[in-house]
Amino acid sequence: MISLGGEIRHNSLTTTGQIAESNLNSFQLDCAFIGVNAVDDEGNIFLGSMAEASIVRLLCHMVPEIYFLADETKLMKKDFIYICQLGKGRNLITNSSISEKCIHTYEQLGACVITESQKDRR
């Protein structure tokens, strides 16, 4: 595990700020797993913190394959800051209570939806 440095957000145990962003640019990443605050019914991804949003947006530009993590309490909701939309290379890992309508919508966008009851849906 590598710590990026920067300011520590104790509520989420993430690092943020210019130092973290600068250090992140030094790495080549193939895949990232990112917890998010909300995913709406159209596949839009949201966070609640401006500080975390800048790091996640940077990751979205530099990492080809991202898996967003959100349980059923985060689905069908919006939060403060829009990050991106699910789609090719922008996937979702969640629990099995996700509705078939959401799965269909997310897959139509090109996302892979992985649930606890299924290893992989395409």
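What you see is a predicted model, and the numbers here were worked out from it, not measured in a lab. Values below: all heavy atoms of this structure, side chains included; hydrogens, waters and symmetry mates excluded.
- In this structure, the separation between CG on L69 and CD1 on I93 is 5.0 Å, given to the nearest 0.5 Å.
- Ring geometry for F46 versus Y82: interplanar angle over 60°, hence perpendicular rather than tilted (30 to 60°).
- Of all heavy-atom pairs spanning Q85 and E42, the tightest one is NE2-O, 2.9 Å.
- Side chains of S96 and E116: a donor-acceptor N/O pair is present below 3.5 angstrom, by distance only.
- Within a 6.0 Å sphere centred on CG of L29, heavy atoms belonging to other residues, nucleotides or ligands number more than 12.
- For the residue pair G5 and A20, the shortest heavy atom distance occurs at O-CB, 3.3 Å.
- Linking Ile, Leu, Val, Met, Phe, Trp and Tyr residues whenever their side-chain heavy atoms come within less than 4.5 Å places M62 and F68 in a single cluster.
- When atom types are taken as modelled, the side chain of N37 and the backbone of L47 share no donor-acceptor pair closer than 3.5 angstrom.
- Among all heavy-atom pairs drawn from I81 and A53, the shortest one is CG2-CB, 3.8 Å.
- Between L86 and A111, the shortest heavy-atom contact is CB-CB, 3.9 Å.
- A donor-acceptor pair under 3.5 Å links the side-chain atoms of N23 to the main chain of L4, judged by distance alone.
- Nearest heavy atoms, I55 versus T15: CG1-O, 3.9 Å.
- By the 4.5 Å heavy-atom criterion applied to side chains, V39 and K77 are not counted as neighbours.
- Of all the heavy atoms in I19 and G6, the pair that sits closest is CG2-N, 3.8 Å.
- For the 3.5 Å distance criterion, the side chains of S54 and E21 qualify, holding a donor opposite an acceptor.
- With rounding to the nearest 0.5 Å, the separation of OG1 in T94 from OH in Y106 is 8.5 Å.
- Note that CD1 of I103 and CD1 of I98 are 5.0 Å apart. Values are rounded to the nearest 0.5 Å.
- When each of T115, I45, L75, I114 is tested with L92 by the rule side-chain contact (heavy atoms from CB on, under 4.5 Å), just one qualifies, namely L75.
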